[in-house]
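Quick notes on the structure that follows.
Order of the sequence lines fixes the chain letters, A, B, ..., with proteins taken first and strands second; residue numbering starts at 1 for each chain.
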Protein chains: 2
Amino acid sequence: MMEQIADILKKNQLSITEGRKKILNMFLNSPGALAHADIEKNTDASFDRVTVYRTLQTFVEKGIIHNIPTTDNSILYALCKDNCEAGHHHDNHVHFICDVCDKTICLENVIIPEVRLPKGFTQKQTDVVISGICNKCK
Amino acid sequence: MMEQIADILKKNQLSITEGRKKILNMFLNSPGALAHADIEKNTDASFDRVTVYRTLQTFVEKGIIHNIPTTDNSILYALCKDNCEAGHHHDNHVHFICDVCDKTICLENVIIPEVRLPKGFTQKQTDVVISGICNKCK
DNA sequence: TATTTTTTGCAACATTGGTGCAAAAATGTA
DNA sequence: TACATTTTTGCACCAATGTTGCAAAAAATA
Ligand SMILES: [Mn+2]
Ligand SMILES: [Mn+2]
Ligand SMILES: [Zn+2]
Ligand SMILES: [Zn+2]
């Protein structure tokens with residue numbers, strides 16, 4: 001596991017540091033998406049807030065994690081399981097937010113449907129976020 | 001126009017105040033979604049920030065406006081054109097964010113496609129946000 | 001008009017996120 | 001390993017965003 005983490009960092013030309021290892025490890029072990037606050041909570045304040053912010057930014061830029069839209073003014077991050085690269089994400093799966101446990105999970109197998117837009121619109125990225133009750137809560 | 005505004009407020013059992021009239025008017029005249037900041041900018045600081053926050057909250061609760069998910073930690077609001085009621089929104093249209101002009105618009109005519117979820121998941125609401133280039137920018 | 005109810009503005013606070021810069025850690029080389 | 005170079009981190013400080021309690025003001029009701 002710790003090997004896999006170092007590999008991911010190396011592959012993305014990132015220095016291997018305690019903070020990055022710990023945060024990447026959290027993502028690898030989390031079934032759902034994580035917010036900045038979740039990460040800070042689980043690191044026992046061993047890292048500065050700023051470091052967490054910068055690590056998340058870096059990971060998004062490198063295509064290690066992607067973010068998920070929400071209506072409640074929070075940013076959620078989840079591991080990219082597709083072959084995302086630096087500066088170019090290829091995540092095309094549906095995201096699910098459970099109203100009960102409040103977890104957000106990537107439904108890797110549920111592919112975003114095609115949507116036909118009116119004339120004149122060019123489509124770059126489509127995000128689908130579905131809320132309801134997850135398979136663990138019911 | 002000013003009649004229509006008063007009617008909407010009355011129908012929702014809201015007191016008719018300057019602030020509410022002005023903000024509702026902004027939504028009725030805006031082609032796209034509005035953020036809190038847009039509203040503050042356009043009201044010449046004639047209202048307190050807190051009043052704007054509270055007005056937006058109230059409008060969402062009453063089903064006059066709905067909010068739109070974003071990945072950048074901002075909350076966007078747009079008029080409900082379907083028959084949304086207090087505590088129960090029925091908006092089922094696609095939202096489009098233009099990468100050029102940065103405007104977000106409701107594509108009232110583009111209906112959210114059906115998405116089949118894995119066993120065990122119950123679907124309540126589906127949000128589709130598409131980004132790209134809008135019909136005015138290209 | 002007078003009374004009651006609702007809304008507003010203010011002050012104060014909390015949370016979230018960003019920047020510059022020096023110290024510390026990681027990397028590359030000998 | 002030791003040293004030089006590059007990268008990352010922590011700190012202090014700042015800015016934007018959003019919330020709450022409460023008294024004053026405005027709106028609705030009688
Ligand atoms: Mn995802
Ligand atoms: Mn809309
Ligand atoms: Zn759940
Ligand atoms: Zn545009």
Calculate the interatomic distance between A/R49 atom CZ and D/dC14 atom P; express it in whole Å. 15 Å
Check which hydrophobic residues are tied to B/I111 through side-chain heavy-atom contacts below 4.5 Å, counting indirect links as well, and list them. none
Between A/H36 and A/Y53, is the ring centre distance below 6.0 Å? yes
Between A/F121 and B/F96, does the ring centroid distance fall short of 6.0 Å? yes
Which nucleotides of nucleotides 5-10 of chain C have their base under 4.0 Å from a protein heavy atom (B), which only their sugar-phosphate (S), and which neither (-), written as one string 5' to 3'? -SSBBB
Would you kindly give the CG-to-C1' distance between A/D72 and D/dT17, to the nearest whole Å? 14 Å
So B/E40, base contact, sugar-phosphate only, or nothing? Heavy-atom distance under 4.0 Å. nothing
For the residue pair A/N42 / A/D38, report whether a side-chain donor-acceptor contact shorter than 3.5 Å exists. no
Rounded to whole Å, the CD1-C1' distance (A/I16 to C/dA25) equals 13 Å
So, does B/N73 get its side chain near the phosphate of C/dT16, meaning an N or O under 4.0 Å from OP1 or OP2? no
Value in whole Å for how far the P atom of D/dA16 lies from CG of B/D38: 15 Å
Let me know the distance between NZ of B/K10 and P of D/dT29, rounded to the nearest Å. 10 Å
Between A/Y53 and C/dG17, is there a contact of a side-chain N or O with OP1 or OP2 at under 4.0 Å? yes
Separation of atom CG in B/L76 from atom C1' in D/dT17, rounded to whole Å: 14 Å
Would a single hydrophobic cluster contain both A/L117 and B/I105, if residues Ile, Leu, Val, Met, Phe, Trp and Tyr are joined by side-chain heavy-atom contacts under 4.5 Å? yes
What I want to check is whether the side chains of A/T126 and A/Q123 have a donor and an acceptor closer together than 3.5 Å. yes
